[in-house]
Amino acid sequence: MIHHVQLMSPPGSEDLSRAFYRDVLGLDEIPKPAALAVRGGCWFRGAGIELHLSIEEDFHPARRAHPGLLVTDLSGHARRLGAAGHAVEWDDGLPGMRRLHCHDPHGNRIELLEPSISD
């Protein structure tokens, strides 16, 4: 079982991370332990996983490596992403799943998946 996935973000990007992961994707922000909070970044929980956004001075986004988050109401997520200005790329290449890819405000790739309804 995976406890968390860590993604990197540039210095001073916590508000952008919150706007995307909390406000658009609907994840809950969780407090970082005091010893780690001084390093910056922010942590989120939802959909059975934690995402830890850590600060990296020489930041480079993960353009191919990505977390795949299982969600309900994928179409609703796509609408919220679009309304918030985040492009959505639908991908039908995984049988049994509806899925899309998007990028967080730092350029990290994110995949959202929902089991497709079979007849």
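What's counted below: heavy atoms across the whole structure, side chains too, no hydrogens, waters or symmetry copies.
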Has Ser116 got a side-chain atom pairing as donor or acceptor with Gly96's backbone, closer than 3.5 angstrom?
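Yes, Ser116 side chain to Gly96 backbone: donor-acceptor pair under 3.5 Å.
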Any [X] side-chain heavy atom under 4.5 Å of [Y] side chain:
X     : Y      : value
Leu25 : Leu81  : yes
Leu69 : Ile49  : yes
Leu27 : Leu51  : yes
Met97 : Pro115 : yes

For [X] and [Y], which heavy atoms make the closest approach, and how far apart are they?
X     : Y      : value
Trp43 : Pro31  : CE3-O, 4.2 Å
Cys42 : Glu29  : CB-OE2, 3.5 Å
Gly41 : Ile55  : N-CG1, 3.4 Å
Pro61 : Asn108 : CA-OD1, 3.4 Å
Arg98 : Trp90  : NH2-CH2, 3.4 Å
Arg45 : Glu50  : NH2-OE2, 2.7 Å

Inter-residue atom distance [X].[atom1] - [Y].[atom2], 0.5 Å rounding:
X      : Y      : atom1 : atom2 : value
Ile30  : His52  : CD1   : NE2   : 5.0 Å
Asp23  : Leu16  : CG    : CG    : 11.0 Å
Leu70  : Glu114 : CG    : CD    : 8.0 Å
Leu100 : Leu112 : CG    : CG    : 4.5 Å
Asp104 : Leu7   : CG    : CG    : 6.5 Å

Under 4.5 Å between side-chain heavy atoms, hopping through other hydrophobics if needed: is there a path connecting [X] to [Y]?
X      : Y     : answer
Val88  : Phe20 : yes
Val24  : Val5  : yes
Ile110 : Met8  : no

His103 vs Arg109, side chain to side chain contact (heavy atoms under 4.5 Å, CB included): CA-CA, chis, key distance, verdict
CA-CA 4 Å; His103 291 88; Arg109 186 178 190 192; 4.0 Å; yes
Run the numbers on Tyr21 and Leu53 for side chain to side chain contact (heavy atoms under 4.5 Å, CB included), then give the verdict.
CA-CA 10 Å; Tyr21 290 98; Leu53 275 286; 3.9 Å; yes
Can a salt bridge be assigned to the pair Glu111 and Arg99 using a cut-off of 4.0 Å between side-chain N and carboxylate O?
yes
Please determine, by modelled atom types, if Ser17 and His106 share a side-chain donor-acceptor pair under 3.5 angstrom.
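Yes, His106 and Ser17 have a side-chain donor paired with an acceptor closer than 3.5 Å.
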For residues 66-75, the salt bridge (charged side-chain N to carboxylate O under 4.0 Å, His left out) pairs (sequence neighbours left out) are none
Over 60° means perpendicular and under 30° means parallel, so tell me whether His66 and His101 are parallel, tilted or perpendicular.
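Because their plane-to-plane angle is over 60°, the rings of His66 and His101 count as perpendicular.
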